[in-house]
There are 2 protein chains.
Amino acid sequence: MVKYSSNQLDGIFAALSDPTRRAIIRRLASEGATVTELAEPFAMSMPAISKHLRVLQDAGLVSRTKDGRIHRLQLEADALKEAIGWLEQYRQFWEIKLAALEQFVTKPKKQ
Amino acid sequence: MVKYSSNQLDGIFAALSDPTRRAIIRRLASEGATVTELAEPFAMSMPAISKHLRVLQDAGLVSRTKDGRIHRLQLEADALKEAIGWLEQYRQFWEIKLAALEQFVTKPKKQ
DNA sequence: TTTATATTTAACCATATGGTTAAGTATTCA
DNA sequence: TGAATACTTAACCATATGGTTAAATATAAA
């Protein structure tokens, strides 16, 4: 039985698969924000946002600091690096693909 | 109501969030393979693999060519580029973070 | 000390996901 | 033509996901 011990990547990519969460990440890239601030652009209840933030936090994509009753969220670089790191493995693949295509366009296959 | 018209990225990241599918991608990076070949390393039924391949295909991460009864899958560079493209947006973010950390280590905050 | 604010937790619901087994569909081989 | 091979589809199941409303918690303000 081949076991792929549940990777951190599972959570990171799952977290990234939701458009609300990607928008939250985009928002946090410029600066940290409170839950209320993050919720503002969305036609969604606070608990829904709260859940999205929990998913992002569990994935390690954001961290949270509590200042009184206010929770301030910030983006965490490491998890993003993890994701891009996995994808970078395949950079070679698509560069080869692209090169092959170019070759094909430039000169026909046989000779 | 802020509408994030369901992006291709939803499907791509969702597809990448499963370890079996990531393993399939890794396998396909070296060369195309049949369904049976792809199924071989996994302790999982054929229909399960078939579903995973469907998810990957729907996300645009793999394409399929039928040669008789044999289906040959191949990795598609474009969808991978899409994913890495989204993440690249934040490269600046983590580089700044890293630079700031370095700065902090080098000299104390005030002065 | 009451009230308002910021946020989470609980309970619920509908749909999606990841697996199963059984059956169906093409295609090839004998 | 009949049997084997390479798959997919169908039906089902348990759990996860993304949303809701209502209630709880913690802190701040009056």
Side-chain angles (χ1 to χ4, degrees), chain A residues 1-25 27-28 32-74, chain B residues 1-25 27-28 32-74:
Chain A
M1 175 162 54
V2 180
K3 181 67 168 63
Y4 293 86
S5 61
S6 186
N7 204 299
Q8 193 189 167
L9 286 169
D10 293 16
I12 295 172
F13 283 129
L16 294 177
S17 75
D18 182 275
T20 301
R21 289 193 294 259
R22 287 198 305 275
I24 289 172
I25 286 173
R27 170 73 158 78
L28 288 175
T34 68
V35 177
T36 306
E37 285 165 3
L38 289 172
E40 192 270 325
F42 302 101
M44 203 178 288
S45 67
M46 282 291 284
I49 296 295
S50 188
K51 278 190 182 184
H52 281 304
L53 294 175
R54 151 76 50 167
V55 171
L56 287 167
Q57 193 177 350
D58 287 352
L61 283 159
V62 312
S63 62
R64 183 187 302 245
T65 55
K66 277 177 73 173
D67 180 16
R69 61 187 162 178
I70 291 168
H71 298 210
R72 179 156 290 266
L73 286 300
Q74 47 246 334
Chain B
M1 176 163 51
V2 181
K3 182 67 168 62
Y4 294 85
S5 60
S6 185
N7 203 299
Q8 195 190 165
L9 286 169
D10 294 16
I12 294 172
F13 283 129
L16 294 178
S17 74
D18 182 275
T20 301
R21 289 193 293 260
R22 286 199 307 277
I24 289 172
I25 286 173
R27 170 72 157 76
L28 287 175
T34 68
V35 177
T36 305
E37 285 164 2
L38 290 172
E40 192 271 326
F42 301 101
M44 204 178 288
S45 67
M46 282 290 284
I49 296 296
S50 187
K51 278 189 182 184
H52 281 304
L53 294 175
R54 152 76 50 168
V55 171
L56 287 167
Q57 192 177 349
D58 287 351
L61 283 160
V62 312
S63 63
R64 182 187 303 245
T65 54
K66 277 177 72 174
D67 180 14
R69 62 187 163 177
I70 291 169
H71 298 213
R72 179 157 289 266
L73 287 300
Q74 48 246 332

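The chains referred to below are lettered A, B, ... by the order of the sequence lines, with proteins before strands, and numbering in each begins at 1. Hydrogens, waters and symmetry mates are skipped; everything else that's a heavy atom, side chains included, is used.
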*asked:* Whether B:Thr36 contacts D:dC7 is assessed here as follows: a side-chain N or O lying under 4.0 Å from the phosphate OP1 or OP2. Is that the case?
replied: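 For B:Thr36, the contact criterion (side-chain N or O under 4.0 Å from OP1 or OP2 of D:dC7) is met.
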*Think B:Ser50 has a side-chain N or O under 4.0 angstrom from the OP1 or OP2 of D:dT9?*
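Answer no for this pair, as no side-chain N or O of B:Ser50 is under 4.0 Å from OP1 or OP2.
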_Evaluation steps, side-chain contact (heavy atoms from CB on, under 4.5 Å), between B:Glu37 and B:Leu73_ = CA-CA 10 Å; B:Glu37 285 164 2; B:Leu73 287 300; over 6 Å; no
*Which two nucleotides bound the region of DNA chain C that has atoms under 4.0 Å from heavy atoms of chain A, read 5' to 3'?*
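The contacted stretch runs from C:dA4 to C:dT9.
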Which whole-number value in Å describes the distance from [X] [atom1] to [N] [atom2]?
{"X": "B:Glu40", "N": "D:dC7", "atom1": "CD", "atom2": "P", "value": "13 Å"}
{"X": "B:His52", "N": "D:dC7", "atom1": "NE2", "atom2": "P", "value": "16 Å"}
{"X": "B:Arg54", "N": "D:dA10", "atom1": "CZ", "atom2": "C1'", "value": "14 Å"}
{"X": "A:Met46", "N": "D:dT25", "atom1": "CE", "atom2": "C1'", "value": "14 Å"}

*Out of curiosity, A:Arg21 CZ to A:Leu28 CG, how far, rounded to the nearest 0.5 Å?*
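Interatomic distance, A:Arg21 CZ to A:Leu28 CG, rounded to 0.5 Å: 13.5 Å.
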*Would you say the side chain of B:Leu61 lies within less than 4.5 Å of the side chain of B:Leu16, judging by non-hydrogen atoms?*
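The answer is yes; the side chains approach within 4.5 Å.
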*Looking at side-chain heavy atoms only, is the closest gap between B:Asp58 and B:Arg54 below 4.5 Å?*
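They are in contact (side-chain heavy atoms under 4.5 Å apart), so the answer is yes.
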*Quick one: on DNA chain D, does A:Pro47 or A:Asp18 contact a more 5' nucleotide (nearest heavy atom)?*
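Going by which nucleotide is closer to the 5' end, it is A:Asp18.
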*If you pin B:Val35 and A:Ser45 to their nearest nucleotides in DNA chain D, which one's is more 5'?*
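Closest to the 5' end, via its nearest nucleotide, is B:Val35.
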_Quick check on contacts: within residues 58-70 of chain B, what sits under 4.0 Å from DNA chain D by heavy-atom distance?_
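Of all residues in residues 58-70 of chain B, the ones placing a heavy atom under 4.0 Å from DNA chain D are B:Arg64, B:Arg69, B:Ile70.
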*Please name all residues satisfying side chain to side chain donor-acceptor pair (under 3.5 Å) with A:Arg64, sequence neighbours left out, ordered by chain then number.*
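In terms of side chain to side chain donor-acceptor pair (under 3.5 Å), with neighbours along the sequence ignored, A:Arg64 is linked to A:Gln57, A:His71.
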*Can you sort out the partners of B:Arg72 under side chain to side chain donor-acceptor pair (under 3.5 Å), two or more places apart, ordered by chain and number?*
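Counting only residues at least two positions away or on another chain, B:Arg72 forms no side chain to side chain donor-acceptor pair (under 3.5 Å).
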*Sequence neighbours excluded, which residues qualify as side-chain contact (heavy atoms from CB on, under 4.5 Å) partners of A:Met44?*
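A:Met44: side-chain contact (heavy atoms from CB on, under 4.5 Å) contacts with A:Thr20, A:Phe42, A:Ala48, A:Ile49, A:His52.
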*Among all residues two or more places apart in sequence or in another chain, which pass the side-chain contact (heavy atoms from CB on, under 4.5 Å) test with A:Ser50?*
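A:Ser50 satisfies side-chain contact (heavy atoms from CB on, under 4.5 Å) with no other residue.
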*asked:* To check you understand the geometry: which heavy-atom pair defines the closest contact between A:Ser17 and B:Ala14, and what is its length?
replied: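 Scanning both residues completely, I find the closest heavy atoms to be CB-N, 3.4 Å.
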*Is A:Arg72 touching bases, backbone alone, or none of the nucleic acid, heavy atoms closer than 4.0 Å?*
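No contact.
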